[in-house]
Amino acid sequence: ALPILGTTLGKMCQDNGHEVYWASDGRSERSRSNAEKFGFSDVVVQRNLVEMCDAIFCVVSGEGNALSIAEMCGKNGYRGIYVDANGFSSDTTDTMLYRLAYKYRLKLTEMGIRGWTVFDEQIPRPETAKMFISSPEAETVKDLLNSPNWVFTTNDEVRPKQTIREFNAGLRK
């Protein structure tokens, strides 16, 4: 997860009474500092998340990273909810993600995010922070993150990323 947005999602889950885990191996000092600040439990390596978590949120930089995390989950038999919160990835990456989800039977949930972090008050904030969550598990994911500061749009189908791109584009207008 990105040091800021991933931590924000973790904090939202924590605020709803959930234990938050993260894997420190290969992560930045900023990620480490953020996780320590909020008391997230370090499982050290990513594959340990598969055993510990009912939902794994993937918010990463670099499209290859998103695919490698999905593949790691699949190869390790993950049966929880896999949330891909990389709403601006390419069509090629999206196609590969769908193939991985099908191959490994991942419970893929797509998420588009338009909002702010828990960190920087200097960042201009939209009037309302919004998330678009799409999958049969959308309501469950919404419940993990539920916050009075966010508006959630859910759909019980997995939709192509184009839907999330259109959602985010509409928020920028």
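In plain terms, the two heavy atoms of Leu67 and Leu100 that are nearest each other are O-CD1, 3.6 Å.
Here the side chains of Met72 and Val50 are in contact, with some heavy-atom distance below 4.5 Å. At a threshold of 4.5 Å between non-hydrogen side-chain atoms, the residues Tyr104 and Cys73 do not count as touching. In this structure, Val60 and Asn86 have side chains that are in contact, with non-hydrogen atoms separated by less than 4.5 Å. No side-chain heavy atom of Trp22 sits under 4.5 Å from any side-chain heavy atom of Val43.
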Listed pairs under 3.5 Å, donor-acceptor, residues 137-146 side chains, sequence neighbours left out:
unit_1 : atom_1 : unit_2 : atom_2 : d
Glu137 : OE1    : Ser135 : OG     : 3.4
Glu139 : OE2    : Thr154 : OG1    : 2.6

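When atom types are taken as modelled, the side chain of Tyr21 and the backbone of Met52 share no donor-acceptor pair closer than 3.5 angstrom. Within the 3.5 Å criterion, the main-chain N or O of Ser147 finds no donor-acceptor partner in the side chain of Asp15. A distance-only check finds no donor-acceptor pair linking the side chain of Asn48 to the backbone of Val44 [under 3.5 Å]. Remark: the backbone N or O of Ser24 is paired with a side-chain donor or acceptor of Asp42 at under 3.5 angstrom. Judged by distance alone, with hydrogens and angles left aside, the side-chain atoms of Tyr78 form no donor-acceptor pair with the main-chain N or O of Glu51 at under 3.5 Å.
The salt bridge (charged side-chain N to carboxylate O under 4.0 Å, His left out) search around Glu71 returns Lys75, not counting sequence neighbours. Gln14 is linked by a side-chain contact (heavy atoms from CB on, under 4.5 Å) to Lys11, Val20, Phe38, Phe40, counting only residues two or more places apart in sequence or in another chain.
Counting only N and O atoms by type, the side chains of Ser31 and Ser28 include a donor and acceptor under 3.5 Å apart.
The distance from atom CG of Leu106 to atom CZ of Arg79, rounded to the nearest 0.5 Å, is 7.0 Å.
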